[in-house]
Amino acid sequence: MKVLLDACVLYPTVMREVLLGAAGQGLYRPLWSARILEEWARATRKIGPDAEAQARGEIALLGAHWPGAAVTWPPSLEDRLWLPDANDTHVLAAAIAGSADMIVTINAKDFPRGILAEEGLSRADPDAFLLGLFKADPEPVRTACAAVLDKARALSADPWEMRPLLKKARLPRLAKALDQAAA
């Protein structure tokens, strides 16, 4: 399954790390475009002057780790598309050009299901998407989440636990499912 990741799910960090961790476990193939990655880099400016440079470094690593993930398309593709927010047509164009099955985004209102269905696409928010992956095959998602938790603990002075970390990352249903599965 090919999944286009919108900029809003690549930034914030924990959400991105869980999504890409699941992809790294072979659960799906991630896709994005240079413009989506640029939106992520620019979004980090609000947290400080060094954040954009760090994001660009992470983007370079993504390119090395996922060499086939970046998609391009001719301008004519974007010209024929319509979405409620014209600034998001590039996301739809990238999904179409990459033959994606789905767009993972937080911006549901900007990607109406009817319009996506006309292009053979669906959409999901990251929590629902990851929860679906977990229900289909729990162990790879659990492994991806455990790696993210380990990294959060190593980088933070806070003694993170899984459920609060995922809830803070706007993944509450996945957090609950992991918690229930561990009980």
Side-chain angles (χ1 to χ4, degrees), residues 1-44 52 54-73 77-78 81 83 87-108 110-111 113 116-117 119-152 165-166 169-171 173-175 177-178:
M1 166 175 48
K2 293 190 218 173
V3 177
L4 191 284
L5 301 175
D6 196 1
C8 60
V9 303
L10 290 172
Y11 176 75
T13 302
V14 172
M15 184 182 292
R16 174 183 68 253
E17 293 290 326
V18 174
L19 284 164
L20 292 177
Q25 292 291 316
L27 297 176
Y28 72 96
R29 182 174 162 215
L31 300 172
W32 47 71
S33 68
R35 184 167 171 189
I36 288 169
L37 297 177
E38 181 64 23
E39 285 183 5
W40 161 23
R42 284 185 283 130
T44 63
E52 184 176 357
Q54 181 177 344
R56 293 194 183 281
E58 291 172 8
I59 288 167
L61 289 172
L62 283 185
H65 189 75
W66 305 99
V71 295
T72 60
W73 59 92
L77 175 58
E78 203 169 329
L81 301 173
L83 287 173
N87 291 324
D88 284 322
T89 55
H90 72 96
V91 176
L92 179 55
I96 294 166
S99 300
D101 301 294
M102 175 185 298
I103 296 173
V104 173
T105 184
I106 294 170
N107 301 325
D110 294 336
F111 296 94
R113 292 191 191 278
L116 296 180
E119 301 295 343
L121 291 160
S122 62
R123 94 170 130 70
D125 68 81
D127 195 26
F129 174 66
L130 289 164
L131 181 60
L133 294 177
F134 179 76
K135 287 180 177 179
D137 194 357
E139 198 51 42
V141 177
R142 187 178 291 113
T143 299
C145 290
V148 173
L149 177 62
D150 289 346
K151 190 172 182 179
L165 179 68
L166 293 180
R170 298 172 57 174
L171 302 170
R173 292 175 288 177
L174 177 61
L178 284 165

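Both backbone and side-chain heavy atoms feed into the values below; hydrogens, waters and symmetry mates do not. Note that the coordinates shown come from a computational prediction; the quantities given were computed from them, not determined experimentally.
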Practice task
Identify the heavy atoms of Ala7 and Glu39 that sit nearest to each other, and give their distance.
Solution key: CB-OE1, 3.5 Å
Handout entry: Residue Lys151 excluded, over 12 heavy atoms near NZ under 6.0 Å
Key = no
Handout entry: Nearest heavy atoms of Pro126 and Leu171, plus distance in Å
Key = C-CD2, 3.9 Å
Exercise for the section: Hey, could you give me the CD1/OH distance between Ile59 and Tyr11, rounded to the nearest 0.5 Å? Expected result: 11.5 Å
Exercise for the section: Measure from the side-chain N and O atoms of Asp101 to the backbone N and O of Ser122, and report whether any donor-acceptor pair falls under 3.5 Å. Expected result: no
Handout entry: Any Val148 side-chain heavy atom under 4.5 Å of Leu166 side chain
Key = no
Problem - Salt-bridge present (Arg123, Asp6; N to O < 4.0 Å) - result: no
Problem - Distance-minimising heavy-atom pair for Ser33 and Trp73 - result: CB-CZ3, 3.6 Å
Exercise for the section: Measure across Ala124 and Met102 and return the closest heavy-atom pair with its distance rounded to 0.1 Å. Expected result: CB-SD, 3.8 Å
Handout entry: Heavy-atom side-chain proximity of Leu149 to Cys145 below 4.5 angstrom
Key = no
Handout entry: Residues in side chain to side chain contact (heavy atoms under 4.5 Å, CB included) contact with Ala22, at least two apart in sequence or another chain
Key = Leu27, Tyr28, Leu130, Leu133
Practice task
Kindly give the heavy-atom pair with the smallest separation between Ala94 and Val71, and that separation in Å.
Solution key: O-CG2, 3.4 Å
Problem - Trp32 and Trp40: CA distance, side-chain angles, deciding distance, side chain to side chain contact (heavy atoms under 4.5 Å, CB included) verdict - result: CA-CA 11 Å; Trp32 47 71; Trp40 161 23; over 6 Å; no
Practice task
Provide the closest heavy-atom pair for Gln25 versus Ala144 in the form atom of the first, atom of the second, distance.
Solution key: CG-CB, 4.4 Å
Problem - Any Leu178 side-chain heavy atom under 4.5 Å of Arg142 side chain - result: yes
Practice task
Using a 4.5 Å cut-off on heavy atoms from C-beta on, say whether the side chain of Val91 contacts that of Phe111.
Solution key: yes
Handout entry: Within-4.5 Å side-chain heavy-atom neighbours: Leu20 and Pro30
Key = yes
Problem - Min side-chain heavy-atom separation Ile106-Asp125 under 4.5 Å - result: no
Completion exercise
Value for CZ (Arg16) from CG (Leu62), rounded to nearest 0.5 Å, stands at 7.0 Å
Handout entry: CZ on Arg56 to CD on Glu38, rounded to 0.5 Å
Key = 4.0 Å
Problem - Gln54 vs Thr44 side-chain heavy atoms within contact, under 4.5 Å - result: no
Exercise for the section: Quick one: list whatever passes side chain to side chain contact (heavy atoms under 4.5 Å, CB included) with Asp110, sequence neighbours left out. Expected result: Asp85, Asp88, Asn107
Handout entry: Residues in side-chain hydrogen bond (donor to acceptor under 3.5 Å, both in side chains) contact with Thr89, at least two apart in sequence or another chain
Key = Glu78
Exercise for the section: Could you tell me the separation between the OG atom of Ser99 and the CG atom of Leu31, rounded to the nearest 0.5 Å? Expected result: 8.5 Å
Problem - Side chain proximity check, Ile36 to His90, heavy atoms < 4.5 angstrom - result: yes
Exercise for the section: Kindly indicate, with the supporting measurements, whether the criterion side chain to side chain contact (heavy atoms under 4.5 Å, CB included) is fulfilled by Leu4 and Leu121. Expected result: CA-CA 10 Å; Leu4 191 284; Leu121 291 160; over 6 Å; no
Practice task
Drop me the distance from Leu77's CG to Glu119's CD, to the nearest 0.5 angstrom.
Solution key: 7.5 Å
Exercise for the section: Look up atom CZ in Phe134 and atom CD in Glu139, then write down how far apart they are to the nearest 0.5 Å. Expected result: 8.5 Å
